[in-house]
Amino acid sequence: GSGLGEIQQRRTNDATTYSLALNPHGGNVGIGTSAPAYKFDVYGTDDITMRIHRPSSGLALTDTCGIGFSHRGDTNTSTTDTRAAIVSTYNGSLHLCTEPGGNLNSNPVDHAALSIIGTTQNVGIGTTSPDYQLDIENSSHAVARLHAGTNSSASLRLKNDAQDWDVNLQTNDKFAIYDHTAGTQPF
């Protein structure tokens, strides 16, 4: 035949139907929509529209569940060429993982470029166990860059409950430490 095929699910306690659309011509699959515009198109009004769940009472805290991405320069279909992934571990941590060689199918957290730890909400760049709200680690040197546009200043503000200090590269290309609380530039 031709056209769009639909499988509808209906609740037993009312007449509401929910669509699962399979489009044989475009190859698109839709959940909650009868006109999927993408290969997999999920439509919903809930705060969490889709969930991936890995049930097992035997999972370790470091076991992952997530989505992998594969992009190849040829037409081969691969089941092992996962070069990037977004994964979660048991405690709710979220990791963005990358592996140029394409082997994230086993232990993807070992290749995490960015980690948000579920128990502390700490963010790690280059570390999967950040000790601070933002923890940047690198085996040779760690660099954080603040880049301002042309004729603009770049500042890093250090603040506690009583004092604000700015470490600043000014528009005149001079380095300054500025006491923002007092409105003075002592250094």
Side-chain angles (χ1 to χ4, degrees), residues 32 37-38 40-54 59-73 81-187:
Y38 301 94
F40 183 57
D41 201 350
V42 179
Y43 177 83
T45 57
D46 296 329
D47 288 340
I48 298 177
T49 304
M50 187 173 77
R51 182 176 82 152
I52 298 172
H53 182 71
R54 181 180 180 182
L59 288 176
L61 292 177
T62 56
D63 286 338
T64 61
C65 178
I67 301 170
F69 302 91
S70 175
H71 185 90
R72 296 179 58 93
D81 188 26
T82 305
R83 296 172 185 257
I86 301 169
V87 300
S88 177
T89 53
Y90 180 78
N91 67 0
S93 296
L94 185 66
H95 305 275
L96 178 62
C97 309
T98 60
E99 172 52 54
N103 188 18
L104 283 176
N105 296 325
S106 178
N107 302 319
V109 174
D110 290 348
H111 303 278
L114 176 75
S115 299
I116 303 171
I117 306 307
T119 55
T120 63
Q121 302 299 301
N122 289 349
V123 175
I125 298 174
T127 177
T128 58
S129 55
D131 293 320
Y132 306 97
Q133 288 176 315
L134 177 59
D135 197 344
I136 301 171
E137 291 187 19
N138 187 306
S139 60
S140 59
H141 62 282
V143 174
R145 178 179 168 185
L146 301 174
H147 185 177
T150 304
N151 297 321
S152 298
S153 65
S155 295
L156 175 64
R157 177 153 302 162
L158 306 174
K159 177 181 176 76
N160 68 11
D161 62 328
Q163 187 71 36
D164 289 4
W165 286 89
D166 288 350
V167 178
N168 183 271
L169 179 59
Q170 299 175 320
T171 57
N172 63 3
D173 299 329
K174 303 288 183 188
F175 177 79
I177 297 176
Y178 182 74
D179 182 344
H180 193 76
T181 305
T184 61
Q185 185 175 324
F187 305 101

Rounded distance [0.5 Å steps], [atom1] in [X] versus [atom2] in [Y]:
{"X": "Thr49", "Y": "Arg51", "atom1": "OG1", "atom2": "CZ", "value": "13.0 Å"}
{"X": "Asn168", "Y": "Lys174", "atom1": "CG", "atom2": "NZ", "value": "13.5 Å"}
{"X": "Leu104", "Y": "Thr98", "atom1": "CG", "atom2": "OG1", "value": "7.0 Å"}
{"X": "Ile117", "Y": "Asn122", "atom1": "CD1", "atom2": "CG", "value": "7.5 Å"}

Is it true that, when you exclude [X] itself, more than 12 heavy atoms of the residues, nucleotides or ligands shown sit nearer than 6.0 Å to its [atom1]?
{"X": "Phe187", "atom1": "CZ", "result": "no"}
{"X": "Tyr38", "atom1": "OH", "result": "no"}
{"X": "Asn138", "atom1": "CG", "result": "yes"}

Looking at residues at least two apart in the chain, or sitting in another chain, which of them share a side chain to side chain donor-acceptor pair (under 3.5 Å) with [X]?
{"X": "Thr64", "answer": "none"}
{"X": "Asp46", "answer": "none"}
{"X": "Gln185", "answer": "Gln170"}
{"X": "His53", "answer": "none"}

query = Going by the salt bridge (Lys or Arg N to Asp or Glu O under 4.0 Å) test, which pairs reach into residues 148-164, not counting sequence neighbours?
reply = Arg157-Asp166, Lys159-Asp164
message = Tell me which one of Val123, Ile86, Thr127, Thr128 satisfies side chain to side chain contact (heavy atoms under 4.5 Å, CB included) with Leu114.
response = Val123
Return the set of residues passing side chain to side chain contact (heavy atoms under 4.5 Å, CB included) with [X] (not counting sequence neighbours), or none when no residue passes.
{"X": "Thr184", "value": "Asp179, Ala182, Pro186"}
{"X": "Ala148", "value": "Ser152, Ala154"}
{"X": "Tyr132", "value": "Asp135"}
{"X": "Tyr90", "value": "Leu61"}

Is there a side-chain contact between [X] and [Y] in this structure, where contact means two heavy atoms from C-beta onward sitting under 4.5 Å apart?
{"X": "Phe69", "Y": "Ile67", "answer": "yes"}
{"X": "Thr171", "Y": "Asn151", "answer": "no"}
{"X": "Phe175", "Y": "Val167", "answer": "yes"}

Donor-acceptor contact below 3.5 Å, side chain [X] vs main chain [Y]:
{"X": "Arg83", "Y": "Ser70", "result": "no"}
{"X": "Ser115", "Y": "Gly124", "result": "no"}
{"X": "Ser88", "Y": "Ser93", "result": "yes"}

